[in-house]
Amino acid sequence: MSKPLSDHDRKKQISVRGLAGVENVADLKKNFNRHLHFTLVKDRNVSTKRDYYFALAHTVRDHLVGRWFRTQQSYYEKDPKRVYYLSLEFYMGRTLQNTMVNLALENACDEAVYQLGLDMEELQEMEEDAGLGNGGLGRLAACFLDSMASLGLAAYGYGIRYEFGIFNQKISSGWQVEEADDWLRYGNPWEKARPEYMHPVHFYGRTEHHPDGVKWVDTQVVLALPYDTPVPGYRNNIVNTMRLWSAKAPCEFSLKDFNVGGYIQAVLDRNLAENISRVLYPNDNFFEGKELRLKQEYFVVAATLQDIIRRFKASKFGSRDIVRTDFSTLPDKVAIQLNDTHPALAIPELMRVLIDEEKLPWEKAWDICIKTCAYTNHTVLPEALERWPIDLFQTLLPRHLEIIYEINRRHLERVSSLYPGDVDRMRRMSLIEEGGQKRVNMAHLCIVGSHAVNGVARIHSDILKATVDLYIHSPEKYFYEMDPHKFQNKTNGITPRRWLVMCNPGLAEVIAERIGEDFIRDLDQLKKLHDFFNDESFIRDIAKVKQENKLKFAVHLEEHYKVKINPNSMFDVQVKRIHEYKRQLLNCLHIITFYNRIKKEPNKQWTPRTIMIGGKAAPGYHTAKMIIRLITAIGEVVNNDPVVGDRLKVIFLENYRVTLAEKAIPAADLSEQISTAGTEASGTGNMKFMLNGALTIGTMDGANVEMAEEAGEGNIFIFGMRVEDVEAMDAKGYNASEFYNRIPELKQAIDQIAGGFFSPKQPDLFKDIVNMLMHHDRFKVFADYEDYIKCQEKVSALYKKPKEWTKKVILNIAGSGKFSSDRTISQYAREIWGVEPTLEKLAAPDDPK
Ligand SMILES: *Cc1c(COP(=O)(O)O)cnc(C)c1O
């Protein structure tokens, strides 16, 4: 037998990783040593692995600089319509490898690092994730940045530079423990502070109404300091900008209020202002009405709009610099996309700037505002809806509240003229919710203030149209009825650069060997793999890559968690935020059922499984934390039962984040996408698994519906209630005990959880979970149990036939082209933003020698 290739040698063979020309490698080595010496001020005797990572990061970063200048200069010269993606989250993960992939430097860097006697993977492991997001919504923003740059759009991502991103999750005695994510401790080589572009942001104060307009006075000022991160397109020499704002207290902050004796306190109080960008709120799909969060939302919006308007004004007329003053052309030059309602204040803030500062009449300003803004809805869960109490608004943003009242007055006037006397409709469409605590409904504000409202998968967009106000399901559909032209669908996508080329180079390579490399920028070309569906060597290659990925992940798990894994077992993976609607509990019930069956018939030929579940629970979400505890408790029993052996293992994947997704997903055989139909707006995890050669077990929810369509219904494991069934069950009333009493294996599993079988030292540990499942389960876990178990039996049966399994895998990969974020962004560009994507390249600059 020949010696297995080392990681280094194996990767050298891979063409998609760029050329490792000799000169290239020599220059990289030289620059690496220069950075180690002059930038990090270290020599090799005292350098740590982290120093080497930073030296490499700076070496690679140098290749971005010329491209970044040139791209921005060309935008200034050509003055195309700019796209602004506003988001409170950008879940970027690591940057080094992504930059090498997009600049075709990966092989050359690998070779340089190897010749320097270092290990590329070890260096990469030193990079902190930029964890400035919670889950799908934040990761979507990151995938969109990659696609916007790759499609040559003059686009900007705008958000907050949180000093602490999503917390690090530790599992201690089976419980989630949160640790602060101090990701900037060693510095961030990918960002550049731009203190020369600071903007003031105002809070509190009061309004004065003068004959010549309204003044917002006596405000407190916080400065917004921009940090720019380059966003390279895929091998097109384009580098866009992600600009994140950090809060800075002004020099005079609180000083004027004090005499000399208060100086020390005044300096200490600067923290109050700077707390605005301190930490990401760790809620996924949940609204927590905290003042600091509202400050964050206004902070990003106010700073960003100042940038947008400055850039709009500073334009070109032919080759001359001019100052644009005619705001009626704003919608021709600017598109603002709101990632959920979090940056909804862009609408009243744009109105305030146009009216109070630029002195436009209301009607003109409103027309501009609607044409400029567009809103993406991400959920129909009512607990996620942002409904800010009026009192908070009145105190923090008094002028914006006045503007919202005026928007609402005119909006309701229109409703009443279209539907005279329909008081209930007026009440339900109002931006202001009356009754009890008065609140501003931010989704209503977004729908009224935008020219386009989109859902993120076809089924989700259809649900949006058919609901009265996005959240209350009812036969009425007031907003859609009034403005049907606004409502669109834009099915989510993922970037094939990070989620295939970067995380699964082996798979990218066996695909490229058959159909060339163009699929990386045109993912629909994966359809060509249909020609290889019966090709024995392709089937073998696909199965082999999966097996290699599984072995590698097994080694990673054994190193990090001291668990022994059977690499021949099916890797059954559910990774996503822990939430009742995502139904990790349904997965738990399958695990327990499978365990009980093995115990009942230990000599049967069970298909072995390693079931992995990972995800963070919001720190204040008690039920989600108990779900984690239940998973770890089940693992303790199952993993230590000698009768079971290695036929079933349950692993909780600690600290699920972008970097762990990149390791786990390429190793998965089975992807669990099992939300209650009608609750998961799209999902994007589902798409990552599909592209990486896992089969899906899922409900007809979110993008699963379109995945089934693209892969073929027979190539995905669909089970459970459809949206119509869920609605019918709601109408009649869901009764969990009906299922509990009728299905013996379900009863057994629940009785075990309730009786302390998985928590012998604390038999009533899971009483809240059991009580919820039995009496107030909004997500109807038991109703889908039976069909889910049957479906899992089919999964197990197919896994016993590796060739048939792999053929379905191929049909899934071949059908996954639709789920490229390049397709998603092309649709936003043409159907919402009015800009044309291109595959044109900018000329390459001189790279550092
Ligand atoms: C893709 C991704 C998600 C979203 O997963 P869903 O299954 O769609 O909820 C969440 N977290 C991370 C780290 C991801 O990469």
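Model, not experiment: these values are computed from the prediction. Indexing begins at 1, ligand by ligand and atom by atom, following the structure's order.
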List the protein residues in contact with ligand 1, where contact means a heavy-atom separation under 4.0 angstrom.
Y91, G135, G136, W499, V575, K576, K582, Y656, R657, V658, A661, G683, T684, G685, K688

Please list all pairs meeting ring pair (Phe, Tyr, Trp, His ring centres under 6.0 Å) that have one or both residues in residues 127-149, counting only residues at least two apart or in different chains.
Y85-F144, F144-Y828

Looking at Y91, is R139 sitting on its ring face, NZ or CZ under 6.0 Å from the six-membered ring centre and within 45 degrees of the normal?
no

Mind checking what makes side chain to side chain donor-acceptor pair (under 3.5 Å) contact with N168, not counting sequence neighbours?
N655

Partners meeting side chain to side chain donor-acceptor pair (under 3.5 Å) with D146 (sequence neighbours left out)
N102, T495, R497

Does Y281 have K290 sitting over its ring (NZ/CZ under 6.0 Å from centre, angle to axis within 45°)?
no

Mind telling me whether H579 and F779 have parallel, tilted or perpendicular rings, with 30° and 60° as the class edges?
perpendicular

